[in-house]
Amino acid sequence: MNRKIVLKSRPVGMPAAANFEMSEVSVPSIQEGELLLKSKFVSVDPYMRGRMSDAKSYTPPFQVGEPIVGGVVAEVIESKHPDFKSGEDVIGMFPWQEIFTVPGNIANKVDGNLAPLGYYLGVLGMPGLTAYFGLLDIGKPQKGETVVVSGAAGAVGVVVGQIAKIQGCRVVGIAGDDQKTAYLKDELGFDEVINYKTVPDIAKAIETACPSGVDVYFDNVGGDISDAVVTQINNNARIIICGQISLYNATSQPVGPRIQPTLLKKSALMQGFIVSKYTTRFPEGVKQLAKWLLEGKLVYKQTVTKGFENLPQAFLGLFEGDNMGKALVEI
Ligand code: NAP
């Protein structure tokens with residue numbers, strides 16, 4: 001049996017299982033220069049919500065009736081490309097299909113003996129590199145400064161907080177679940193944690209958790225949480241706009257407080273970025289992240305859902321806070 005999952009319809013507001021459709025397909029035949037691949041781990045990521053819509057963005061939209069495409073680690077079943085052998089594992093932007101063919105030149109080898117295969121989609125892959133370059137290149141955290149990260153228990157956030165600790169910063173994490181906040185504080189060494197779903201006043205909670213104010217804010221979520229963090233920034237603060245997940249399902253233009261006067265008065269920098277901007281520096285990032293993992297300075301958590309058919313549910317769970325660390329589906 002070979003199955004694929006396509007975009008059945010474009011969501012309005014919160015996506016639902018009905019926006020996806022699974023069907024059986026035959027195993028494709030392999031052409032010269034191609035690889036026949038079998039999916040092992042499939043990544044579900046918040047940015048994929050943007051590709052489900054047809055709004056213009058930095059990546060083209062998924063096509064209705066076509067498979068969803070995302071980060072996948074797959075095993076080479078058969079190779080007609082000189083650089084690959086059957087049995088090797090590769091990573092790439094591949095379709096949500098159990099067995100499929102791709103041109104060999106869009107696949108990169110990964111080694112499951114060096115790191116768990118899922119890590120190549122997480123801490124050693126796109127989310128880890130996003131944390132690394134966003135925090136260090138834009139945030140430029142200095143020893144003793146206070147770094148706040150929202151979406152703190154997610155794939156990017158757990159890496160941001162730990163790198164900030166490695167830099168000698170005071171780290172405050174914001175997440176939406178007591179189990180997550182306990183993990184961040186007790187196991188990852190965050191200095192303070194805030195459950196944004198249970199605190200009565202998020203701005204007050206940030207003020208209490210950051211008695212010296214906020215020097216660096218790594219924004220994964222946007223919306224009310226970020227509005228509250230901005231009220232607490234220090235002079236020369238750096239605000240890194242990485243993600244805005246709280247707004248991805250908005251059906252009208254979100255409106256918030258005007259923050260420009262605060263940025264002006266505090267001489268603050270606010271900068272958005274897409275991790276692909278750093279593609280040429282990825283080897284540097286992977287090398288440093290792998291070193292910290294080996295040294296035990298960085299630990300990584302994954303939430304692994306089993307079964308190809310559960311891909312849509314794992315994706316939808318990102319908007320419900322179902323995952324801690326990187327959300328993956330093991331096929
Ligand atoms: P993730 O955190 O693993 O998964 C999403 C998490 O976001 C959920 O577990 C949930 O945790 C939180 N969340 C969901 N809805 C929320 C809401 N309405 N308000 C506040 N929190 C909410 O995702 P990730 O891969 O680490 O990505 C984090 C952010 O970075 C996303 O916005 C993503 O789009 C962005 N990103 C950007 C780049 C880039 O190049 N700029 C690259 C990768 C990711 P709680 O339980 O805490 O609510």
Side-chain angles (χ1 to χ4, degrees), residues 13-15 43-53 57-59 70-71 93 118 121-123 125-135 137-139 148-163 172-184 190 193-199 202 217-229 239-251 254 256 270-279 281-282 285 300-305 313-329:
M14 185 71 92
S43 180
V44 288
D45 294 277
Y47 79 87
M48 299 170 93
R49 172 64 183 87
R51 298 194 69 187
M52 293 177 82
S53 118
S57 188
Y58 59 94
T59 41
M93 294 299 285
L121 296 165
V123 61
M126 186 273 283
L129 292 163
T130 300
Y132 179 86
F133 289 110
L135 181 66
D137 204 61
I138 303 172
V148 174
V149 54
S150 55
V156 174
V158 292
V159 182
V160 169
Q162 292 180 86
I163 297 177
V172 177
I174 305 173
D177 177 279
D178 284 343
Q179 220 188 322
K180 294 183 182 184
T181 51
Y183 172 73
L184 296 174
F190 282 43
V193 285
I194 296 167
N195 181 340
Y196 71 91
K197 288 188 179 158
T198 55
V199 286
I202 180 80
Y217 174 44
F218 196 104
D219 184 7
N220 280 317
V221 305
D224 295 344
I225 293 171
S226 299
D227 293 343
V229 178
I239 300 170
I240 305 138
I241 308 294
C242 173
Q244 298 282 288
I245 192 168
S246 76
L247 308 177
Y248 291 171
N249 299 312
T251 50
M270 186 171 194
Q271 188 180 324
F273 79 108
I274 301 298
V275 66
S276 53
K277 165 184 170 183
Y278 293 99
T279 307
R281 290 179 59 196
F282 279 1
Y300 203 58
K301 208 173 185 66
Q302 310 182 117
T303 297
V304 182
T305 303
Q313 201 44 53
F315 170 73
L316 299 172
L318 295 173
F319 301 96
E320 306 288 351
D322 287 354
N323 63 304
M324 182 137 61
K326 181 74 193 101
L328 293 174
V329 176

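Keep in mind the model is a prediction, meaning the values are calculated, not measured. Whatever order the structure lists them in is the order used to number ligands and atoms, beginning at 1.
The ligand atoms of ligand 1 that sit less than 4.0 angstrom from a heavy atom of A175 are 47 (O). Every atom of ligand 1 is numbered from 1 in the order shown, and the set under 4.0 Å from a heavy atom of V221 is 20 (C), 21 (N).
The two atoms that bring N249 and M14 nearest to each other are ND2-SD, 3.3 Å, heavy atoms only. The shortest non-hydrogen separation linking T181 to D178 is OG1-O, 3.0 Å. Of all heavy-atom pairs spanning I163 and Y132, the tightest one is CD1-CA, 3.8 Å.
Residue contacts with ligand 1: N220 is placed with a nitrogen or oxygen under 3.5 Å of a nitrogen or oxygen of the ligand (distance criterion only). Checked against a 3.5 angstrom limit, the closest N/O atoms of G151 and ligand 1 fall outside it. At under 3.5 Å, a nitrogen or oxygen of K180, whether backbone or side chain, sits near a nitrogen or oxygen of ligand 1. Annotation: E320 places no N or O atom under 3.5 Å from an N or O atom of ligand 1; distance criterion only. Between I174 and ligand 1, no N or O atom pair is found at a separation short of 3.5 Å.
Scanning the protein for heavy atoms near atom 34 (O) of ligand 1, the closest one is Y248 OH, 2.7 Å. Nearest protein neighbour of atom 42 (C) of ligand 1, counting heavy atoms only, is T130 OG1, 3.2 Å. When only non-hydrogen protein atoms are considered, atom 2 (O) of ligand 1 lies nearest to G154 CA, 3.0 Å. Here the protein heavy atom with the shortest distance to atom 15 (N) of ligand 1 is F319 O, 3.8 Å. In terms of protein heavy-atom proximity, atom 48 (O) of ligand 1 is nearest to Y196 OH, 2.5 Å. Among protein heavy atoms, atom 23 (O) of ligand 1 sits closest to P46 CG, 3.3 Å. The protein heavy-atom contact nearest to atom 6 (C) of ligand 1 is L318 O, 3.8 Å. Counting protein heavy atoms only, atom 44 (C) of ligand 1 is closest to V156 CG2, 3.9 Å.
Annotation: cation-pi pair K301/Y183 present, NZ/CZ under 6.0 Å from the ring centroid and within 45° of its normal.
Note that the CD1 atom of I202 and the CD1 atom of I194 stand 5.0 Å from one another [nearest 0.5 Å]. Between atom OG of residue S276 and atom OH of residue Y58 there is a gap of 7.5 Å, rounded to the nearest 0.5 Å. For the atom pair OG1 of T130 and CZ of F273, the computed distance is 5.5 Å after rounding to the nearest 0.5 Å. Remark: I240 CD1 to F218 CZ distance equals 5.5 Å, nearest 0.5 Å. The line from CG of D177 to CG of N195 is 6.5 Å long, rounded to the nearest 0.5 Å.
When heavy-atom distances to ligand 1 are checked against a 4.0 Å cut-off, S246 comes that close through both its backbone and its side chain.
Ranked by closest heavy atom to atom 40 (O) of ligand 1, the top entry among L247, V275, V159, N323 is V275. In the candidate list Y58, F273, F218, F273 is nearest to atom 41 (N) of ligand 1, counting heavy atoms.
At least one heavy atom of C242 sits less than 4.0 Å from an atom of ligand 1. Residue contacts with ligand 1: G325 is included, with a non-hydrogen atom under 4.0 Å away.
Side-chain contact between V304 and K326: absent, with no pair of heavy atoms (C-beta onward) separated by less than 4.5 Å.
Using a distance-only test at 3.5 Å, with no hydrogens or angles considered, a donor-acceptor pair links the side chain of S246 to the main chain of V221. In this structure, S150 contributes its side chain and N220 its backbone to a donor-acceptor pair below 3.5 Å.
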